[in-house]
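Shown next, in structure tokens, is the structure this report addresses.
Note that the structure is predicted; figures quoted are calculated from it, not measured.
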Amino acid sequence: AAPVKRRRGRPLGAKDRKPRVKKRIVGREEESVSPRVGAGGRNKPWKIILSEEDAVAIYRRRPAKGSGASACSFWSNELSEHYGVNSKTVRDIWNRNTWVKATKRLWTEEEEEEWIKSG
């Protein structure tokens with residue numbers, strides 16, 4: 001019998017698997033978040049699993065300026081596990097690369113000037 005030919009980059013049966021669903025902890029219960037489904041049930045190539053309130057809460061818990069890299073890494077990992085997102089997502093919120101409209105009211109004057117200068 002000839003061996004089964006595999007397609008490059010995809011394990012056998014990958015099309016038959018159910019899509020992965022991220023779970024985020026809300027209080028004591030877990031809530032499933034379906035991937036790639038946005039408002040109105042539209043299929044999107046990306047997914048939004050944070051709300052505006054979540055982004056504000058993450059921004060409020062950013063480390064103080066001058067904190068070491070290990071402290072930033074620790075807190076971004078902790079928050080990413082809590083909210084069910086990647087630690088890079090948390091750092092992007094802290095660095096004002098994403099969720100700008102939601103967090104702008106919490107910025108200091110210095111942070112707002114830095115953001116304007118960065119373009």
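At distances below 3.5 Å, not a single donor-acceptor pair connects side-chain atoms of S73 with backbone N or O atoms of S70. In terms of modelled atom types and a separation under 3.5 Å, the side chain of N95 and the main chain of N97 share no donor-acceptor contact. S67 places no side-chain N or O within donor-acceptor distance of the main-chain N or O of P63, the cut-off being under 3.5 Å. Listed for the D92 side chain is no donor-acceptor partner under 3.5 Å among the backbone atoms of T89.
Residues satisfying the salt bridge (charged side-chain N to carboxylate O under 4.0 Å, His left out) criterion with E111, sequence neighbours excluded, are R62, R96. Partners of K104 according to the side chain to side chain donor-acceptor pair (under 3.5 Å) rule, which considers only residues two or more places apart in sequence or in another chain, do not exist here. Judged as a side chain to side chain donor-acceptor pair (under 3.5 Å), and not counting sequence neighbours, the contacts of T103 are W107. In this view, E109 satisfies the side chain to side chain donor-acceptor pair (under 3.5 Å) rule with no residue, not counting sequence neighbours. Under the side chain to side chain donor-acceptor pair (under 3.5 Å) criterion, S87 pairs with R91, not counting sequence neighbours.
Residues W115 and V100 are in side-chain contact: their nearest non-hydrogen atoms beyond the backbone lie under 4.5 Å apart. Side-chain atoms of I93 and L50, non-hydrogen and from C-beta on, do get closer than 4.5 Å to each other.
The line from CH2 of W99 to CD1 of I58 is 9.0 Å long, rounded to the nearest 0.5 Å. Note that NE2 of H82 and CD of E78 are 10.0 Å apart. Values are rounded to the nearest 0.5 Å.
L79 and W94 get closest at one heavy-atom pair: CD1-CZ2, 3.6 Å.
Screening residues 63-73 for salt bridge (charged side-chain N to carboxylate O under 4.0 Å, His left out) gives K65-E110, K65-E114 as the qualifying pairs, with residues at least two apart or on separate chains.
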message: Set out, in order, the CA-CA distance, both residues' side-chain angles and the distance that settles side chain to side chain contact (heavy atoms under 4.5 Å, CB included) for V90 and S80, then state yes or no.
response: CA-CA 6 Å; V90 173; S80 68; 4.1 Å; yes

